[in-house]
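Contents: one structure, followed by commentary.
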Amino acid sequence: MTTSNNLMQVLNLIATLFPVFLLVFTFKGFFQALAAKLMGDSTAEDEGFLTLNPLAHVDIAGLSIVLIVFFLLGALLGEKIPRGILFIMLITLGVRWTIPVPINDNNFKNYRLGGILTALSGSLGNFVLAFCATLAIKAVFACGFPRYALVSLLEILKSLMSVAIFFGLLDLIPLPPFDGGRILHYVLPYSQQHIVAWLEQYALYILLILFFAPGVSTLFLNGIATLGSLIEHLFFLIVF
């Protein structure tokens, strides 16, 4: 009975998070395509990425597999394997959930500035989405929905806000495979590009330390959580 209840909770969670992840990755891809276009590269636009259609940005099958495996294994195994480790395993096994935005930085009007702004644009898109979710929360309260509908909508919108901010911050980490790692390629001079190559080679080990090493992981995760809470609080102050 306990296993059955756990599975039902997991399925409900997947049903809530699936549209959330669709929106998060769609906004990220759209803003990257838009930034590239503004910087002079129309490659993404020409290939159909300058759109808010999720099918252009998200591998639906990959996303479904990630969510199902991630949460089902977490439910079935309980605390035997921490969910964070499962998450890292799924990433390293190569399960795709987004379709990379094609960018040709040789087309940028300003190579370095275009590269930096394009790398930052994904996080900007996530923060814009989180702010839109905050506006939607205010609108939901104003519309006078029945209590059962209000609870469901607020759960989805709050999840959207939190997940969007989390991925927005995560992508700023100056480490491959995050977009912050791409920024280093444009910021560092040619003589220091070996640093980027070194980070790409040891990125997985650094991630494992950041997420799971005692003390280090606590500081790292608490730092992201604190920044996320501050951004959420700022958005609520602006909107309400």
Does some side-chain heavy atom of Leu113 sit less than 4.5 Å from a side-chain heavy atom of Phe108?
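SC-SC contact between Phe108 and Leu113 ruled out.
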
Is the closest side-chain heavy-atom distance between Val58 and Thr26 below 4.5 Å?
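They are in contact (side-chain heavy atoms under 4.5 Å apart), so the answer is yes.
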
Out of curiosity, [X] [atom1] to [Y] [atom2], how far, rounded to the nearest 0.5 Å?
X	Y	atom1	atom2	answer
Thr118	Leu34	OG1	CG	9.5 Å
Ser121	Asp179	OG	CG	7.0 Å
Ile206	Glu200	CD1	CD	11.0 Å
Ile156	Leu160	CD1	CG	9.5 Å
Ile173	Ile224	CD1	CD1	4.5 Å
Ser162	Ile231	OG	CD1	11.0 Å

Would you sort out whether Val24 and Phe166 count as a side chain to side chain contact (heavy atoms under 4.5 Å, CB included), showing the intermediate values?
CA-CA 10 Å; Val24 167; Phe166 174 77; over 6 Å; no

Residues Lys37, Met39; criterion side chain to side chain contact (heavy atoms under 4.5 Å, CB included); working and verdict
CA-CA 5 Å; Lys37 171 68 175 178; Met39 291 294 104; over 6 Å; no

Go through the side-chain N and O atoms of Thr218 and Asn222 and say whether any donor and acceptor fall under 3.5 Å apart.
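There is no such pair between these side chains.
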
Check the orientation of Phe27 and Phe31. Use parallel for under 30°, tilted for 30 to 60°, and perpendicular for over 60°.
parallel

Using the side chain to side chain contact (heavy atoms under 4.5 Å, CB included) rule, take Ile60 and Leu22 through it: C-alpha gap first, then chi angles, then the decisive distance, then the call.
CA-CA 8 Å; Ile60 302 297; Leu22 275 183; 3.6 Å; yes

What verdict does the side chain to side chain contact (heavy atoms under 4.5 Å, CB included) test give for Leu150 and Val140, after you've listed the backbone C-alpha separation in whole Å, the side-chain angles of each residue and the deciding distance to 0.1 Å?
CA-CA 7 Å; Leu150 180 65; Val140 165; 3.2 Å; yes

Measuring centre to centre across the rings, with the benzene-like ring taken for any Trp, is Phe127 within less than 6.0 Å of Phe235?
no

